[in-house]
Student: 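My questions will all concern the structure given below.
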Amino acid sequence: MPPERFYVTTPIYYVNDRPHVGHAYASVLADVLAGYHRLLGVPTWFLTGTDEHGQKVQDSAAARGISPQEHCDEMSAHFRALLARLETRHDDFLRTTEERHTRVVTRVLERLHASGDIYLAPYEGWYCARCERFWSETDVRERGGGRCPEFPDLHEVARIAEDNYYFRMSAYAERLRAAIEDGTFSIEPAKRRNEVLGFLAQGVADLCISRSRERLTWGVPLPFDERFVCYVWVDALFNYESAVGYLADGAEAAARHARWWPADVHVIGKDILTTHAVYWPTLLLAVGEPLPRRILAHGWLLDRQGGKLSKSKRLDAAADERPLPTVDGLLDVFGTDGTRWFLATAMKPGDDTQFDWDVVRERVNTDLANGIGNTANRLLKMAAGACDGRFPGLPDAGPREAPVRAAAEAAAAAAAAVPETLDTLAVAAAVRGCIDAVSLYLSDEAPWKLVKTEAGLPRARAVLGWSLAALRVAALAAEPILPRALGELRAALGVTGPLDFARERALDAVPAGTPLGAPPNLFPRVPPEAIPSA
RNA sequence: GGGCCCGUAGCUCAGUCGGUCAGAGCAGGGGACUCAUAAUCCCUUGGUCCCAGGUUCGAGUCCUGGCGGGCCUACCA
């Protein structure tokens, strides 16, 4: 049974810099998950947005000689532009500097303070002024040899003592552990769940949630002590709830909150696992809110050396080295469809994969141009000649049709399973399998030979009918990944009206005689020359 | 330093409970076909499963130790 509703989020993107491939990946993944739920008729809410407070934003703005607000406006616009190019279908884009959000953070802080979950305590520790961060006793001693653990040769650390506010995270660690173990709070894939359980087993301390205004002004002020702003993660995490009306005024907001919270899936990167799988749920437990159902922690695209793509590192100028992909670079070369297909099928969520321009080109050409695109083209051209441009219907169902029918049904079944499995790779594999089955079927039946004789014509039409039907179902199953191109194909295959998975997954959904469109050029082949060279 | 994870064909990756697990796709080689975007179909060359020990009748799989890589490790997010 499909769920009654689906609320999915991307990570709240940090605007210290422009978006990179990792942002595109998370956005497409969340968009595709949202798309599958919509396809299946599940009411869906898809939230994305930008995290705009904190030290790095303040620093980046200062380095550029502009105000933090100007910096955020500009960067947030870059993220919006990225989503526009990726053609994501998000329902909301929240900025944490918006009043609708900061007001909620203030109310959350007041509540936690009133309930005793936030308390004042002295903090004393090693502080590196250059890195602008505190370091633990052991790090300074063992890694830094008494100096900054990150840059022991360059940075000194100083002893700083000040009062700070803490969130009583330790008080909720046991309840969190229980929720993870009994599955009510699911962390996927399993290795990330292990990681969190390991983190909890090491013992959880309380979380310092205040930042002195002497060092950081760009944040939400603590409502009970104006000397501090709120630690940016506490601020940022609540975006997932503030966006759907939590602690907002009015009946409409309350209804929205009741409808959408808790979130069904938070798509995140593996680097922000602790914040989302420990800080966030313990904060929710403290304010008495239900926990999100699933955390899906994805991996990264790595460069040829196995390093993070998102970190702009200099290559050791090997002569044949291709430039690292930027998001715009990917989109320029592969287009929206190619980029979406690659990102949605590049890797199992959770694992890393190495990026290679040629691998992406081959995948896009093989699956889209040679696969779906070419199949559509050859079938529609043959149908234009042999069937008068009309869908010929599905007579003669026999054992020779069995593989094609089974492959189409498998593709539809894989799409229908996404709410349970979140496995978009399985859908892509099933779609490929269906296209392969059609190719094989065509090779075996050779309708282009059959049409040459009057006697062969009926059989040729039957073969084209089954092939067209299977193609249509495969395209339906892949629609959330490639909505634009496959919408065009759907129309060419004679389907009109709003998308209706339950009806269209049937091979006989289109009646015989339905007019077919001209073959669209859905997926142009990407030539080797299109790849940027060093 | 501690926690978690990864290392399988030229490339990207599957391999569930230890027993058809030596696999797929792409690339490379050969052939077929011609409806189609030089596409599709068939056949085919590739591997010390990172290394060394161990447990076992049997290890890609489990254990120990290396080597290489990644994330986190309470104030960068």
Side-chain angles (χ1 to χ4, degrees), chain A residues 11-16 51 53-57 59 123 125 127 131-136 138-139 141-143 149 164 166-167 169 189-202 204-212 215-216 231-233 236 269-275 278-279 297 299-300 302 304-308 346-348 350-356 358-363 365-371 373-383 385-386 425 429 432 436 438-444 446-451 460 464 519 521-525:
Chain A
I12 182 84
Y13 297 129
Y14 200 55
V15 293
N16 67 311
D51 174 10
H53 289 127
Q55 191 75 54
K56 276 195 179 179
V57 166
D59 293 350
Y123 179 84
Y127 183 77
C131 296
E132 292 179 315
R133 61 171 289 188
F134 282 89
W135 291 100
S136 71
T138 34
D139 275 340
R141 192 176 57 244
E142 290 172 15
R143 285 208 290 148
N164 265 297
Y166 289 83
F167 164 56
M169 191 159 74
K191 62 183 171 187
R192 302 268 98 96
R193 177 176 180 270
N194 293 345
E195 202 172 308
V196 174
L197 288 171
F199 182 91
L200 292 174
Q202 289 178 70
V204 173
D206 290 341
L207 181 68
C208 180
I209 56 100
S210 55
R211 295 292 182 270
S212 167
R215 296 189 294 276
L216 176 65
Y231 173 41
V232 67
W233 265 120
K270 63 179 180 177
D271 54 330
I272 51 175
L273 182 64
T274 304
T275 50
V278 180
Y279 299 179
W300 283 328
L302 306 175
R304 298 290 285 282
Q305 288 74 38
K308 278 179 77 170
M347 53 181 165
K348 219 170 53 173
D351 291 339
D352 295 339
T353 196
Q354 298 208 331
F355 177 87
D356 184 295
D358 290 317
V359 168
V360 180
R361 190 176 63 82
E362 282 155 10
R363 162 166 257 131
N365 282 344
T366 300
D367 293 343
L368 302 186
N370 302 352
N374 181 50
T375 301
N377 202 14
R378 64 198 297 210
L379 288 177
L380 285 168
K381 279 200 179 151
M382 276 191 275
L425 262 64
R432 266 193 293 261
D436 287 347
V438 170
S439 287
L440 186 53
Y441 179 59
L442 290 172
S443 282
D444 288 345
W448 50 89
K449 282 184 185 166
L450 294 169
V451 296
L464 290 175
N521 186 11
L522 299 173
F523 306 110
R525 166 166 289 93

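All chains are named by letter (A, B, ...) in the order of the sequence lines, taking the proteins before the strands, and each is independently numbered beginning at 1. The figures that follow rest on heavy atoms only: side chains count, while hydrogens, waters and symmetry mates do not.
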Student: Rounded to whole angstrom, note down the P distance from B:G53 over to B:A14.
Tutor: 28 Å

Student: A:K381 side chain: which of B:C26, B:A77, B:C35 is closest?
Tutor: B:C35

Student: For atom C1', what is the distance between B:U40 and B:C35, given to the nearest Å?
Tutor: 10 Å

Student: Kindly point out which of B:C75, B:U40, B:A77 is positioned nearest to the side chain of A:V232?
Tutor: B:A77

Student: Round to a whole Å and report the spacing from CD1 of A:I272 to P of B:C72.
Tutor: 10 Å

Student: Which residue, A:L207 or A:I12, contacts RNA chain B at a nucleotide closer to its 5' end, judged by nearest heavy atom?
Tutor: A:L207

Student: Pick base, sugar-phosphate or nothing for A:L440, based on heavy-atom distances below 4.0 Å to the nucleic acid.
Tutor: sugar-phosphate

Student: Starting at CZ of A:F199 and ending at P of B:G3, how long is that distance when rounded to a whole Å?
Tutor: 14 Å

Student: Would you measure the distance from the P atom in B:C33 across to the matching atom in B:C42 and give it in whole Å?
Tutor: 15 Å

Student: Rounding to an integer number of angstrom, what distance separates B:U37 and B:C71 when you compare their C1' atoms?
Tutor: 42 Å

Student: A:T274 side chain: which of B:U37, B:C72, B:U40 is closest?
Tutor: B:C72

Student: Measure from the side-chain heavy atoms of A:S439 and tell me the nearest of B:C75, B:A77, B:U40.
Tutor: B:U40

Student: Taking only the C1' atom of each, what is the distance from B:U20 to B:G58 in whole angstrom?
Tutor: 14 Å

Student: What is the distance from CD of A:E195 to P of B:G2, rounded to the nearest Å?
Tutor: 16 Å

Student: Return the pairing partner of B:C41 with a 3.5 Å limit on both distances, Watson-Crick or G-U wobble; otherwise return none.
Tutor: B:G31

Student: Using only atom types and a distance under 3.5 Å, with no angle test, would you say the side chain of A:D51 pairs donor to acceptor with the backbone of A:Y13?
Tutor: no

Student: Tell me, do A:L522 and A:L368 make a side-chain contact under 4.5 Å, heavy atoms counted?
Tutor: no

Student: Which nucleotide in the list B:U37, B:C75, B:A77 gets nearest to the side chain of A:A369?
Tutor: B:U37

Student: Measure CG/A:D59 against P/B:C75 and give the value in whole Å, please.
Tutor: 16 Å

Student: Is the shortest side-chain heavy-atom distance between A:S439 and A:R378 below 4.5 Å?
Tutor: yes

Student: Starting at atom CH2 of A:W233, determine the distance to atom C1' of B:A77, rounded to an integer number of angstrom.
Tutor: 6 Å

Student: Using the closest heavy atom to pick a nucleotide of RNA chain B for each, name whichever of A:K449 or A:Y231 lands nearer the 5' end.
Tutor: A:K449

Student: Would you check if the side chain of A:Y231 reaches a backbone N or O of A:G54 as a donor-acceptor pair within less than 3.5 Å?
Tutor: no

Student: At 4.0 Å (heavy atoms only), tell me whether A:D206 reaches a base, stays on the sugar-phosphate, or touches nothing.
Tutor: base

Student: Determine if the base of B:C17 is syn or anti; take syn to mean the glycosidic torsion is within 90° of 0.
Tutor: syn

Student: NA contact type, A:N194, heavy-atom cut-off 4.0 Å: base, sugar-phosphate, or nothing?
Tutor: sugar-phosphate

Student: Quick one: look up who B:C71 pairs with, Watson-Crick or G-U, both distances under 3.5 Å, and put none if it's unpaired.
Tutor: B:G3

Student: Just checking A:G54: base, sugar-phosphate only, or nothing, at a heavy-atom cut-off of under 4.0 Å?
Tutor: sugar-phosphate

Student: Between A:R363 (CZ) and B:A27 (P), how many Å, whole number?
Tutor: 12 Å

Student: Less than 4.5 Å apart, any side-chain heavy atom of A:Q55 and any of A:V232?
Tutor: no

Student: Any base atoms under 4.0 Å from A:K270, or only sugar-phosphate, or nothing? Heavy atoms, all strands.
Tutor: sugar-phosphate

Student: State, with a plain yes or no, whether a side-chain heavy atom of A:D59 is found less than 4.5 Å away from one of A:N16.
Tutor: no

Student: Return the nucleotide paired to B:A9: Watson-Crick means purine N1 to pyrimidine N3 with N6-O4 or O6-N4, wobble means G-U with N1-O2 and O6-N3, both under 3.5 Å.
Tutor: none

Student: Check the chi torsion on B:G46 and let me know: syn if it falls within 90° of 0, anti if not.
Tutor: syn

Student: To the nearest Å, give me how far apart OH (A:Y441) and P (B:C42) are.
Tutor: 16 Å

Student: Counting only Watson-Crick or G-U wobble pairs whose two distances fall under 3.5 Å, which nucleotide matches B:G65?
Tutor: B:C51

Student: When you compare B:G23 with B:A9, how far apart are their C1' atoms, in angstrom units rounded to a whole number?
Tutor: 10 Å

Student: Consider the side chain of A:W448, meaning its heavy atoms from C-beta on, and name the nucleotide among B:C41, B:C75, B:C33 that approaches it most closely.
Tutor: B:C33

Student: Between A:V278 and A:M169, is there a side-chain heavy-atom distance shorter than 4.5 Å?
Tutor: yes

Student: Separation of A:K191 atom NZ from B:G7 atom P, in whole Å?
Tutor: 8 Å

Student: Taking the same atom, C1', in B:G28 and in B:G10, what whole-Å distance lies between them?
Tutor: 9 Å

Student: Does any part of the side chain of A:Y166, heavy atoms only, come nearer than 4.5 Å to the side chain of A:Y123, both counted from C-beta?
Tutor: yes

Student: Quote, to the nearest angstrom, the C1' distance that separates B:C57 from B:U45.
Tutor: 35 Å

